[in-house]
Number of protein chains: 2
Amino acid sequence: MNVAKFLDPNSWIDGSIGPLYVRLRKRIEDGIESGVLEPNTPLPPEREIASLTALSRVTVRKAIEELVDRGVIVQIQGSGSFVTEKKARVEQSLSRLTSFTEDMERRGMASESKWLERGIFIPSPDEVVVLALGASDSVSRITRLRIAGDRPMALERASLPLDILPNPTAVEKSLYEVLQASGNLPVRAIQKISAINLDEKDAELLGVPENSAGLHIERTSYLSSGRVAEFTRSKYRGDAYDFVAELRLATN
Amino acid sequence: MNVAKFLDPNSWIDGSIGPLYVRLRKRIEDGIESGVLEPNTPLPPEREIASLTALSRVTVRKAIEELVDRGVIVQIQGSGSFVTEKKARVEQSLSRLTSFTEDMERRGMASESKWLERGIFIPSPDEVVVLALGASDSVSRITRLRIAGDRPMALERASLPLDILPNPTAVEKSLYEVLQASGNLPVRAIQKISAINLDEKDAELLGVPENSAGLHIERTSYLSSGRVAEFTRSKYRGDAYDFVAELRLATN
DNA sequence: GAGTGGTCTAGACCACAGG
DNA sequence: CTGTGGTCTAGACCACTCG
């Protein structure tokens, strides 16, 4: 399959939906995936892609832009746009906001939960501040032991404003599924990760010796409006979990 | 100061350099910083900003785009572009690739290093794979104890291909300063973070009791070309350091 | 319906890489 | 010098919010 033919709009542009730049981006991704576009070889020039696809160059650039962000393509002014080698690419799920359920699925493990607490409570001072609650607001709280592949993995306590999760007992498996159903899915989160020695109680729940190293993760999630949707504190087994993050050099 | 006047190009557009969309972005950032543009209030419509600044709407959108990425501005179709509340914003340095030196400066601490190893070595199998070395290539390696505010903070072992760091003894303080000088500054990195119990030797170097929890961080850094520039393994004191990361919901 | 952001176009000029 | 990506424009239409 040659590149010009692969980009011929008649064969794909009606096959997907959404903005043209998204469709083109996906087409290019498919091309890389299927080997039509190979690592270390240049894409056709932007102007040529534009003419091949019958799109404007601005639209072509917008399609490529996201691929550059993800590290799949490197653009060099005056030279060309190149597909990077696979090992240099950032896995797309690295900086992705995932639920524990999804995270474990990605690692090929089934996950379950054992409920420790699930209901509506009077908020702690921490919760009032982080969730921006009013003086008389209550808080939804769900605390559970996360189990994956028959091994306890984490203790997780999530707190949410009552209007975002009015019925905490409705959460059966994935909190994020419930939030998505009500249109309250966070789009961004900040995590603070530190190391702790697990105390006797936590160690017992996680099935490790007292004083074992664990990861303490505090996550604050935001809706697209900028409002805080969720505040979660988790303790992960140090011997069974690692956290992967992507960093970028600031462009300021 | 009113918004229209603040955006009047005569007063600022020549005062900075670079592309127009970058200058406008910085102007808007200044406006938010100085209070001319207030949280929860809408920016002028894109078309109005364009006419006020005598720029095209495309350029205005590009300026705003980055601010939306950082969570400083929220755009709502059909409604407007709003400045978010400060507490909902992502600190710009969160997902930023920083050196230990910078990182400590940001936290208001002076940093120093105690050299444990610095020179050219035969690579370990790990290093050969991660750094994509040839069979006969050597590796530059620098190992040091990082100290901040008179407290040992981390043990750090960095490995780099010889052509990227030909002279490891030239590194006096910041590795990244040396890399920048030679045009080999990484633009992206992947970090894997896990928790470990520090063994006797490491605990002694870090000045904590044996078996204390520590953060183990493996970082692989990439040049803009996609090539691996640096592979670093660090052990941080769990009681003195935390790692902050930003997550996003994938838009696929 | 009026006003907003979201997408798209055709064309121009600039900055840089490489023969 | 030619060809590439980087920036910028003026104008159009669509999709959505809100009164």
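Each chain gets a letter, A, B and so on, in the order its sequence line appears, and its residues count up from 1.
B/R141 has a carboxylate O that lies under 4.0 Å from a charged side-chain N of B/E127, or vice versa, which qualifies the two as a salt bridge. Salt bridge present: A/R227 and A/D163 bring a charged side-chain N and a carboxylate O closer than 4.0 Å.
Listed candidates were D/dA10, C/dT4, D/dC8. Nearest to the side chain of B/V58 is D/dA10. Listed nucleotides: C/dT7, C/dG18, D/dT7. Nearest to the side chain of A/S79: C/dG18. Between D/dT4, C/dT7, D/dC8, one nucleotide has an atom nearer to the side chain of B/Y21 than all others, and that is D/dC8. In the set D/dT7, C/dC8, C/dG6, C/dC8 carries the atom at the smallest distance from any side-chain atom of A/L20. The B/E46 side chain lies nearest to C/dG6 when the options are D/dT9, D/dT7, C/dG6. You'll find that the side chain of B/S56 is closest to D/dC8, out of C/dT7, C/dG6, D/dC8.
Two residues are said to be in side-chain contact when any heavy atoms from C-beta on lie closer than 4.5 Å; B/R233 and B/D126 meet this criterion. Side-chain atoms of A/E66 and A/R70, non-hydrogen and from C-beta on, do get closer than 4.5 Å to each other.
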What nitrogen or oxygen pairs link the protein and nucleotides 13-15 of chain D at under 3.5 Å?
| residue | atom | partner | partner atom | Å |
| --- | --- | --- | --- | --- |
| D/dA15 | N3 | B/Q77 | OE1 | 3.0 |

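Taking only side-chain nitrogens and oxygens, B/Q75 comes nearer than 4.0 Å to OP1 or OP2 of C/dG6.
The CZ atom of A/R61 sits 8 Å away from the C1' atom of D/dT7 (whole-angstrom rounding). Taking atom CZ of residue A/F82 and atom P of nucleotide D/dG3, one finds them 16 Å apart after rounding to whole Å. Remark: C1' of C/dG5 and CD of B/E65 are 13 Å apart, rounded to the nearest angstrom. In this structure, B/E48 atom CD and C/dG3 atom P are separated by 12 Å, rounded to whole Å. Following rounding to the nearest Å, A/R23 (CZ) and C/dT7 (C1') show an atom-to-atom distance of 11 Å. Between the NZ atom of B/K62 and the C1' atom of C/dC8 there is a distance of 16 Å, given to the nearest Å.
Of the options A/T53, A/T59, A/V60, a side chain to side chain contact (heavy atoms under 4.5 Å, CB included) to A/L20 is made by A/T59 and by none of the others.
Considering all non-hydrogen atoms of both residues, B/I73 and B/L43 come closest at CD1-CD2, 3.7 Å.
In this structure, A/R219 is not positioned above the aromatic face of A/F231 in the sense of NZ or CZ being under 6.0 Å from the six-membered ring centre and within 45° of the axis.
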